[in-house]
Amino acid sequence: MKHLLFALAAVTLACCQASAGRAQALTGSVTSVEEGAMEGVLVSAQQTGSPITITVVSEELGRFRFPDGRLAPGHYALRIRAIGYALDGPQAVELGAAATDITLKLRKTSDLAAQLTNCEWFMSMPGTPEQKRPLIECMSCHTFERIVRSTYDAEAFFPVLKRMAQYANNTTQARVQSRRAEREVHDDLVRKLAAYLATVNLSSGPNWPYELQTLPRPKGRATHVVITEYDLPRQAIAPHDVRTDAQGHVWYSNFVENFLGELDPKTGAHREHAIPVQKPGSPTGALDLEADGDGNLWLAMMFQTGVARFDMATKTFQMFPIQSALDNDAAQQSMVMPRASSVDGKVWSNEVAKQSILRLDLKTGTYELIDPFKFLPKGRQHAPYGMAADRENNLYFMDFADENIGRIDAKTGVTTIYPTPTPKSRPRRTMLDDRGRLWFTEFAANKLGLFDTKTESFKEWDVPTPHTYPYDVFMDKNDELWSGGMASDRVLRFDPQSGQSIEYLLPRPTNIRRVFVDNSTNPVTFWAGNNHGAEILRVEPLD
Amino acid sequence: MTFDRVWLRVVLVAACIGAVPTLSRAGGVGFGEDDANSGDDGPSYFGFVREVDGPGVADAKVTAALKDRGALVTRTDIMGVYKIPGFGKDINPDDVAITCAKDGYAQASVQRRPRDPSDTKDPVEVECYLKRK
């Protein structure tokens with residue numbers, strides 16, 4: 001009922017906006033005593049009662065301009081993002097039929113730490129790369145601010161870390177979910193991490209024993225962008241994978257609840273499609289969201305196990321649970337790959353707990369368990385993760401726990417493993433473009449990668465900002481890459497030909513997982529979810 | 001064995017041994033890297049891809065294949081050197097076929113250096129020769 005009311009409110013607001021007409025442009029300038037006119041300040045406007053916030057960025061002379069027709073007449077709350085600064089005023093603006101020009105005054109913030117991204121904490125914290133490396137797991141559930149503001153010493157940290165290890169991957173601060181099957185934890189590693197964290201938090205005094213480092217504000221082309229945030233109606237909604245359909249609707253998987261979300265970006269209207277609960281008492285939520293050749297959506301159901309198919313015409317789900325022989329409390333399907341299922345009636349998935357691949361036979365509804373690492377040394381951790389299928393439904397998968405890309409031949413079942421040039425790269429999500437190029441992120445190596453399936457060769461590019469830890473990448477129609485992650489609150493646009501990059505700073509702390517580019521617009525439009533922030537994000541570059 | 005070959009073998013064996021902790025990750029929660037060798041590693045494979053009677057061939061594809069089961073694939077570096085971390089210890093190195101390929105070339109021959117079969121960790125040196133088409 002609450003969701004329905006929210007949707008109605010959004011539609012009503014959109015209708016009112018339409019009937020009231022659009023306001024003239026909102027323009028202005030940003031200044032501070034310290035810098036005068038300020039470039040690279042994000043200025044956000046949200047109309048009272050609206051779930052939509054629009055953000056633009058001040059250009060070289062400190063001027064900003066909201067696109068004509070985007071803001072309806074009404075009362076708007078204003079906010080800014082500029083590292084080291086807070087908005088002194090005005091905090092709001094009334095827009096009417098006439099053009100409005102405002103001057104935003106910024107003052108130095110009294111709490112710089114509250115503005116740091118995970119990436120900036122990584123930069124600031126002393127320690128070796130080996131000491132910091134385990135922290136890249138923490139970002140899945142919370143920001144580093146939670147860690148560095150704590151006052152635990154090493155002894156007190158130990159049980160906290162042990163407890164957290166028993167939470168499901170699909171846990172957020174708004175919805176903590178415990179695993180049903182206990183995970184093995186190596187106490188010596190936990191103690192090592194606890195000892196390190198106690199050196200970077202507030203356990204030894206009221207201030208951090210190191211200087212806080214910050215990244216520069218956006219400049220030049222990085223300011224030529226419009227960002228739209230769509231607030232979702234509950235804080236617990238954790239959009240993970242986001243994609244658009246042919247009608248321009250945005251669909252997302254909810255990482256912690258059994259809903260498939262749908263958003264109409266024109267109106268902000270939001271709908272949720274309830275996914276049947278398969279395993280009561282197990283963590284809820286889905287991860288991978290993919291489309292098959294007919295445009296129907298598929299979800300990997302995580303600890304609910306199996307995969308789900310959503311029929312776009314009837315808006316109903318067909319569930320494909322894993323058979324009992326494969327099922328247990330640890331069973332987890334994080335990925336699904338139905339794209340070429342029409343070729344052989346098979347859909348790919350994974351079984352995280354068994355470090356294996358699953359292949360679903362759509363006729364029988366049974367899954368085949370495939371261990372792609374069976375001929376590699378035992379005892380080494382692997383994790384089939386991001387998946388792509390070619391036209392023959394051969395599978396390419398990322399070995400997220402290690403450093404490999406794998407290929408399984410759909411006909412023979414033969415597995416080929418391709419170690420990435422960078423060791424310990426931890427390839428994460430991937431996409432296969434029309435030219436047989438597999439684009440992927442190297443999460444731990446802070447790189448974007450290309451595996452050419454025709455030549456079976458790799459290329460790698462460093463992500464420009466250290467400690468970005470890219471989660472996913474998308475190649476657009478202009479041969480530019482788009483990427484995001486959980487650390488930097490930035491969307492990366494990267495030209496692999498020239499090596500040129502642009503990083504668009506986002507208005508809020510943003511935990512990005514799957515990224516998606518809508519190639520039907522000019523310029524292209526980037527979409528992602530804010531997994532911890534209950535919002536859908538649209539980034540429209542102006543060039 | 002020429003001095004060059006001895007030198008290459010020493011360097012590559014050292015490199016492979018150095019790579020073992022990097023490539024070995026035990027199970028459990030990822031609160032840090034557990035670099036302990038699982039003890040389950042079979043021998044690694046290394047060597048040159050060369051033109052017949054010629055220099056090393058850079059960026060050649062090298063495949064270590066187990067018939068009908070699977071393969072590990074890598075490429076040579078600028079000197080034509082490759083190394084493949086290897087399979088599990090239950091895989092008999094004699095069942096592993098090393099092949100090489102590059103556009104414009106055909107594989108001419110593969111030469112496997114003798115090794116001590118009782119030393120399961122002793123890296124397997126295989127030279128692969130290409131000839132221009």
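Of the possible polar contacts, none joining the Asn350(A) side chain to the Ile357(A) backbone as a donor-acceptor pair under 3.5 Å is found. For the pair Thr74(B) (side chain) and Val62(B) (backbone), a donor-acceptor distance under 3.5 Å is absent.
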Practice task
Go through the steps for Thr430(A) and Tyr396(A) under the test side chain to side chain contact (heavy atoms under 4.5 Å, CB included), then give the verdict.
Solution key: CA-CA 9 Å; Thr430(A) 184; Tyr396(A) 290 91; over 6 Å; no

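Arg69(B) forms no cation-pi arrangement with Phe375(A), by the criterion of a distance under 6.0 Å to the ring centre and an angle within 45° of the ring axis.
Only the side chain of Ile91(B) comes within contact range of chain A, with at least one heavy atom under 4.5 Å from a heavy atom of that chain. Thr416(A) touches chain B through backbone and side chain together, each having a heavy atom under 4.5 Å away. Of the two parts of Lys89(B), neither the backbone nor the side chain holds a non-hydrogen atom closer than 4.5 Å to a non-hydrogen atom of chain A.
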